[in-house]
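All chains are named by letter (A, B, ...) in the order of the sequence lines, taking the proteins before the strands, and each is independently numbered beginning at 1.
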Number of protein chains: 2
Amino acid sequence: MKKEVNDIRGLAEVLGLSITTVSRVLNGKSIRYRISATTQQRVVQAAKEYNYKPNKLARGLKLSKTDTLGLIIPDISNPFFADIAQSIEKEARSKGYSLILCDSREDHLVEKELIELLISHKVEGIIIAPMGTDYKHIIQTYDSGMPLVVVDRCFPEIGLPFITSDNYQGGIDAVNYLISMGHRKIACIQGIPKSRPTVERVRGYNEAFRNNGIPVDDSLIVGNDYSTENGYKQTRILFSMEDPPTAIFALSNLIGLGVIKAIDEMGLKIPDNISLISFDEQPYSAFLGTPMTTIDQKKSEMGQLAVDILLKYITNKEYRKKVVHMTLKTNLIVRDSVKKIN
Amino acid sequence: MKKEVNDIRGLAEVLGLSITTVSRVLNGKSIRYRISATTQQRVVQAAKEYNYKPNKLARGLKLSKTDTLGLIIPDISNPFFADIAQSIEKEARSKGYSLILCDSREDHLVEKELIELLISHKVEGIIIAPMGTDYKHIIQTYDSGMPLVVVDRCFPEIGLPFITSDNYQGGIDAVNYLISMGHRKIACIQGIPKSRPTVERVRGYNEAFRNNGIPVDDSLIVGNDYSTENGYKQTRILFSMEDPPTAIFALSNLIGLGVIKAIDEMGLKIPDNISLISFDEQPYSAFLGTPMTTIDQKKSEMGQLAVDILLKYITNKEYRKKVVHMTLKTNLIVRDSVKKIN
DNA sequence: TTGTAAGCGTTATCAC
DNA sequence: GTGATAACGCTTACAA
């Protein structure tokens with residue numbers, strides 16, 4: 001390893017060649033321009049020797065191609081999103097793209113600013129798992145021509161491409177199972193109320209009751225975000241009722257953890273005193289105090305597909321007319337957290 | 001919102017001003033150049049109206065300032081690193097920096113390529129949680145002048161800035177506790193053998209035995225990476241021994257989960273048949289089948305400090321001469337996974 | 001088979 | 001108070 005060279009110009013100089021030729025070789029255009037094998041070898045060799053790294057900024061400026069995607073996630077410390085982020089990163093990089101990671105912390109204003117930031121960075125496309133209650137800023141970005149795919153918290157009512165789980169069916173499956181185990185008084189602790197996954201899961205909840213000819217008690221649908229705190233608080237409130245529910249349907253893994261915490265603190269047992277089923281399978285789900293029955297989502301498929309679709313939008317102008325809406329099957333994993341009653 | 005303008009030039013045109021003036025206003029240099037209040041207002045107003053977003057590529061090219069940091073993590077789906085990543089992202093953004101996220105998947109070659117990639121992207125600095133067995137590529141990058149901070153898997157033997165936990169003391173605390181509970185035959189399931197956290201924790205393990213005047217049985221120090229699979233496999237092997245250990249010290253949360261899985265499958269109970277203590281506290285630690293005794297690390301402090309130090313290196317040339325080595329206290333959290341014996 | 005020069009969108013230097 | 005212009009590092013017509 002000799003001296004370093006920071007320029008394509010520097011490289012050209014030490015080689016006694018023109019910038020053009022060097023650039024061509026480095027971009028694999030030697031054949032097209034019939035560059036001599038010797039020249040080619042010398043260039044490649046020197047690039048390695050002088051540790052030359054092309055400047056993506058300059059390249060991006062010239063080509064309007066930054067090899068960069070933006071990812072906006074509401075909470076990367078939530079393992080559900082960490083898993084999605086991992087598969088997105090993997091797929092993106094395998095296709096030659098880097099990822100700018102942004103954590104909106106479930107803050108709508110931050111989310112808006114992050115989009116602006118990514119635009120400033122000239123990312124070629126954006127994958128966003130939004131807060132899910134408002135979409136003005138998102139659709140505006142999309143309409144301005146920025147390739148964009150929404151993940152998880154989608155907005156089916158508008159023309160925004162998305163990929164998400166079949167939350168409706170997941171909700172039905174969960175509640176059907178609970179009902180089949182004899183439960184009638186089933187609480188549902190929601191995530192963010194107007195966010196689509198919550199809306200759909202609650203719709204499934206209602207549908208399952210209807211299918212079984214059982215009336216729904218709306219007062220059992222509680223909670224307001226996907227956090228552990230929410231799960232904890234709502235459980236405490238539910239158990240301060242005259243006649244608490246016999247089962248809880250937690251709409252996220254974090255909420256589920258909060259429920260367990262509350263149950264635990266009250267000296268109660270799952271499933272003896274209360275049954276629990278939670279959305280999102282996690283590595284620890286099987287090893288909790290009571291191995292938990294969960295609704296599993298295809299997280300890595302979701303991430304991978306999001307990238308694939310986004311890249312199609314980026315590279316194929318025709319494809320951009322299609323607004324892809326994709327829904328992935330969920331899967332009920334039965335363990336021990338639901339007791340058969342009656 | 002009227003038409004969009006993609007240029008500072010476009011903006012200047014609609015305003016009938018020069019590019020220079022517009023640039024100055026937008027960069028808060030109106031006072032220095034005594035730009036009239038009216039002009040100033042018009043510019044700001046128009047920028048908003050025409051939805052102008054400065055091009056960070058062009059700016060970066062000109063100023064050699066990209067407002068971007070690189071983060072390399074071995075596995076973002078590991079909640080330990082997800083937490084660190086979150087605090088890094090938060091701190092970086094609060095200081096005006098964006099983050100390019102790279103997941104090396106514990107692959108040394110990938111790690112090397114990722115560094116090159118980040119250099120190409122002209123990040124202003126790099127935070128890396130490396131595989132931890134080799135550092136040639138890292139020190140070379142650092143020596144070439146790239147501000148860089150190593151996190152978690154550090155290399156104290158060389159002049160690379162780092163911030164990590166006091167893994168040695170953490171190891172001592174864990175094993176001291178185990179010994180105080182009457183255990184003598186204590187297995188240690190390692191992470192990557194030559195990585196510093198593992199080395200230090202094992203050193204603590206040995207030290208605790210020595211302090212208590214108990215000989216160490218080296219055959220009980222097993223395992224080779226931080227994964228769940230490793231924890232699982234090693235536990236099965238340990239229990240195929242004549243006289244299995246009475247306690248296991250798992251050197252990561254993932255390993256701990258693998259141990260639990262194996263124990264579970266064998267129909268054994270924690271802590272009745274085997275005691276367990278694991279590095280890394282997680283939200284679920286308290287709610288596992290047996291609430292787990294853990295060694296907690298200050299993850300968010302680690303991330304935040306890493307960014308702060310890195311930014312000092314970036315902005316303060318003088319400071320760059322200092323090689324910061326920082327070690328964060330760990331904390332033993334006692335729960336129910338260790339049984340008192342004898 | 002190789003080279004010259006313009007231009008990507010900014011900011012800084014110098015001039016008025 | 002404001003404006004021309006060169007330059008950042010790269011790619012790509014257009015020349016030769």
Side-chain angles (χ1 to χ4, degrees), chain A residues 4-44 46-47 50-68 116-117 119-124, chain B residues 4-44 46-47 50-68 96 116 119-124:
Chain A
E4 303 234 338
V5 137
N6 33 17
D7 244 346
I8 195 170
R9 189 155 117 185
L11 244 198
E13 259 165 27
V14 301
L15 280 165
L17 287 173
S18 79
I19 295 178
T20 315
T21 305
V22 177
S23 167
R24 279 171 180 157
V25 173
L26 262 24
N27 288 297
K29 296 183 176 160
S30 321
I31 346 91
R32 174 147 28 132
Y33 289 94
R34 308 167 170 222
I35 288 165
S36 69
T38 6
T39 307
Q40 207 193 131
Q41 285 201 342
R42 285 182 60 223
V43 172
V44 173
Y50 288 89
N51 206 16
Y52 167 74
K53 312 247 172 45
N55 183 330
K56 291 220 178 220
L57 255 49
R59 197 159 200 275
L61 188 57
K62 178 68 189 159
L63 299 181
S64 308
K65 170 121 190 46
T66 53
D67 302 339
T68 307
E116 314 255 297
L117 184 66
I119 294 176
S120 257
H121 275 293
K122 297 289 163 193
V123 297
E124 294 182 40
Chain B
E4 302 234 339
V5 136
N6 33 17
D7 245 344
I8 196 170
R9 189 154 117 186
L11 244 197
E13 259 166 28
V14 301
L15 280 165
L17 286 172
S18 79
I19 295 179
T20 314
T21 304
V22 176
S23 169
R24 279 171 180 156
V25 173
L26 262 26
N27 288 296
K29 296 181 177 161
S30 321
I31 346 91
R32 176 149 24 133
Y33 288 94
R34 308 168 170 221
I35 288 165
S36 70
T38 4
T39 307
Q40 207 193 132
Q41 284 202 343
R42 284 181 61 223
V43 172
V44 174
Y50 288 89
N51 206 15
Y52 167 74
K53 312 246 172 47
N55 183 331
K56 291 220 177 219
L57 255 49
R59 196 158 200 275
L61 187 56
K62 178 68 188 160
L63 299 181
S64 307
K65 171 122 190 46
T66 53
D67 302 338
T68 308
E116 314 255 297
I119 293 175
S120 257
H121 275 293
K122 297 290 164 193
V123 297
E124 294 182 38

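- Checked against salt bridge (charged side-chain N to carboxylate O under 4.0 Å, His left out), K122(A) has no partners two or more places apart in sequence or in another chain.
- Between chain A and DNA chain D, the heavy-atom contact criterion of under 4.0 Å yields a 5' to 3' nucleotide range of dG9(D) to dC14(D).
- Annotation: side chain of L15(A) is in contact with side chain of R42(A) (closest heavy-atom distance under 4.5 Å).
- For the helix from dT1(C)-dA16(D) to dC16(C)-dG1(D), the angle separating the two terminal helix axes comes to 50°, with each axis derived from five pairs and the value rounded to 10°.
- The distance from atom CD of Q40(B) to atom CG of L26(B), rounded to the nearest 0.5 Å, is 10.0 Å.
- In this structure, the separation between CG on L57(B) and CG on L57(A) is 4.5 Å, given to the nearest 0.5 Å.
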Only pairs under 3.5 Å count here: list side-chain donor-acceptor contacts from residues 6-14 of chain A, not counting sequence neighbours, and write none if there are none.
none

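- Sorted by first and then second residue, the pairs that involve residues 14-31 of chain B and meet side-chain hydrogen bond (donor to acceptor under 3.5 Å, both in side chains), not counting sequence neighbours, are S18(B)-T21(B), S23(B)-N27(B), N27(B)-R59(B).
- Residues meeting the side-chain hydrogen bond (donor to acceptor under 3.5 Å, both in side chains) test with S36(B), sequence neighbours left out: T39(B).
- For the side-chain contact (heavy atoms from CB on, under 4.5 Å) test, no residue two or more places apart in sequence or in another chain qualifies with K62(A).
- Partners of D67(B) under the salt bridge (charged side-chain N to carboxylate O under 4.0 Å, His left out) rule, at least two apart in sequence or in another chain, are K56(B), K65(B).
- By the side-chain hydrogen bond (donor to acceptor under 3.5 Å, both in side chains) test, T66(A) pairs with no residue at all, sequence neighbours left out.
- Within the nucleic acid shown, S64(A) has no heavy atom closer than 4.0 Å to any nucleic acid atom.
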Just by protein heavy atoms under 4.0 Å, how would nucleotides 9-16 of chain C read 5' to 3' in B, S and -?
-> BBBBBB--
